[in-house]
Amino acid sequence: DQQVKQNSPSLSVQEGRISILNCDYTNSMFDYFLWYKKYPAEGPTFLISISSIKDKNEDGRFTVFLNKSAKHLSLHIVPSQPGDSAVYFCAASAIIGNQFYFGTGTSLTVIP
Amino acid sequence: KAGVTQTPRYLIKTRGQQVTLSCSPISGHRSVSWYQQTPGQGLQFLFEYFSETQRNKGNFPGRFSGRQFSNSRSEMNVSTLELGDSALYLCASSGGSDNEQFFGPGTRLTVL
């Protein structure tokens with residue numbers, strides 16, 4: 001059973017526009033969420049995180065929004081750049097233990 | 001600091017064989033987690049080791065096993081390989097209080 005879902009396998013955006021990647025989760029015990037970016041032939045790299053006590057976290061061009069009541073988080077990239085083209089995974093974990101649950105990923109293509 | 005390293009990077013095996021993958025975490029990190037990545041399933045958690053003990057385990061059959069050594073290096077073993085075991089196997093280490101995981105480049109396993 002997939003506890004973290006990314007329902008859009010792919011997304012194409014024009015350079016300079018906003019990219020919005022979405023993620024839904026089912027487990028209300030999740031309280032820490034992360035986004036990873038993955039280039040081909042490389043391992044995922046950490047991008048940005050948010051804990052359940054916040055509803056927004058910003059780091060440069062990247063902003064993550066958390067809607068706990070809807071069990072939904074999103075990653076906004078503004079402005080999008082061609083170098084942002086990669087697969088983006090969202091991940092969630094609960095307080096207890098260190099097990100992360102990942103979504104299936106969204107492949108972002110930023111068109112120059 | 002050196003990053004997470006995984007060996008080998010590529011591996012080809014046949015059905016029924018067994019395989020051992022190795023992961024060296026970032027120096028000082030005591031937690032090592034293993035993940036399987038396939039196109040349709042995304043990143044699936046296999047298990048996590050902390051101080052030589054398995055701390056968490058995902059929903060994989062007993063053919064998948066692991067261990068961690070006193071220097072925090074970890075190995076993952078898959079016995080009686082099946083075609084469906086073909087995947088990218090990623091390990092991640094963590095050691096800080098922020099729960100962030102650092103991924104290695106992965107081992108690409110192909111089962112023929």
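No hydrogens, no waters, no symmetry mates; every other heavy atom, side chains included, goes into these values. Order of the sequence lines sets the chain letters (A, B, ...), proteins ahead of strands, with each chain counted from 1. What you see is a predicted model, and the numbers here were worked out from it, not measured in a lab.
The neighbour count for R61(A) CZ, taken as heavy atoms of other residues, nucleotides or ligands under 6.0 Å away, is above 12. Atom NZ of K54(A) sits in a sparse spot, with 12 or fewer heavy atoms from other residues, nucleotides or ligands closer than 6.0 Å. With a 6.0 Å radius and a threshold of 12 heavy atoms from other residues, nucleotides or ligands, N59(B) has its CG atom at or below the threshold.
Partners of F64(B) according to the ring-ring contact (aromatic ring centres under 6.0 Å, His included) rule, which considers only residues two or more places apart in sequence or in another chain, are F60(B). Taking the side chain to side chain donor-acceptor pair (under 3.5 Å) definition, one finds that E75(B) meets it with R67(B), R73(B), sequence neighbours left out.
Note that the CZ atom of F100(A) and the CD atom of E48(B) stand 9.5 Å from one another [nearest 0.5 Å]. Between F89(A) atom CZ and Y35(B) atom OH the span is 12.0 Å, to the nearest 0.5 Å.
Nearest heavy-atom pair across P44(A) and L43(B) is CG-CD1, 4.2 Å.
Under a hydrophobic clustering in which Ile, Leu, Val, Met, Phe, Trp and Tyr are joined whenever their side-chain heavy atoms come within less than 4.5 Å, directly or via other members, F47(B) and L109(B) fall into the same cluster. Put simply, V19(B) and Y49(B) are part of the same group of oily side chains (I, L, V, M, F, W, Y) that touch within less than 4.5 Å, one to the next. Hydrophobic cluster membership differs between I20(A) and F65(A), with clusters built from Ile, Leu, Val, Met, Phe, Trp and Tyr side chains linked at under 4.5 angstrom.
Neither the backbone nor the side chain of Q6(B) comes within contact range of chain A; no heavy atom of the residue lies under 4.5 Å from a heavy atom of that chain. With a 4.5 Å cut-off on non-hydrogen atoms, R9(B) touches chain A through its side chain but not through its backbone.
The closest side-chain heavy-atom distance from K38(A) to L88(B) is below 4.5 Å.
Clustering of Ile, Leu, Val, Met, Phe, Trp and Tyr side chains at separations under 4.5 Å places I12(B) together with L112(B).
Residues of residues 101-112 of chain A placed with any heavy atom under 4.5 Å of a heavy atom in chain B are listed by number as F102(A), G103(A), T104(A).
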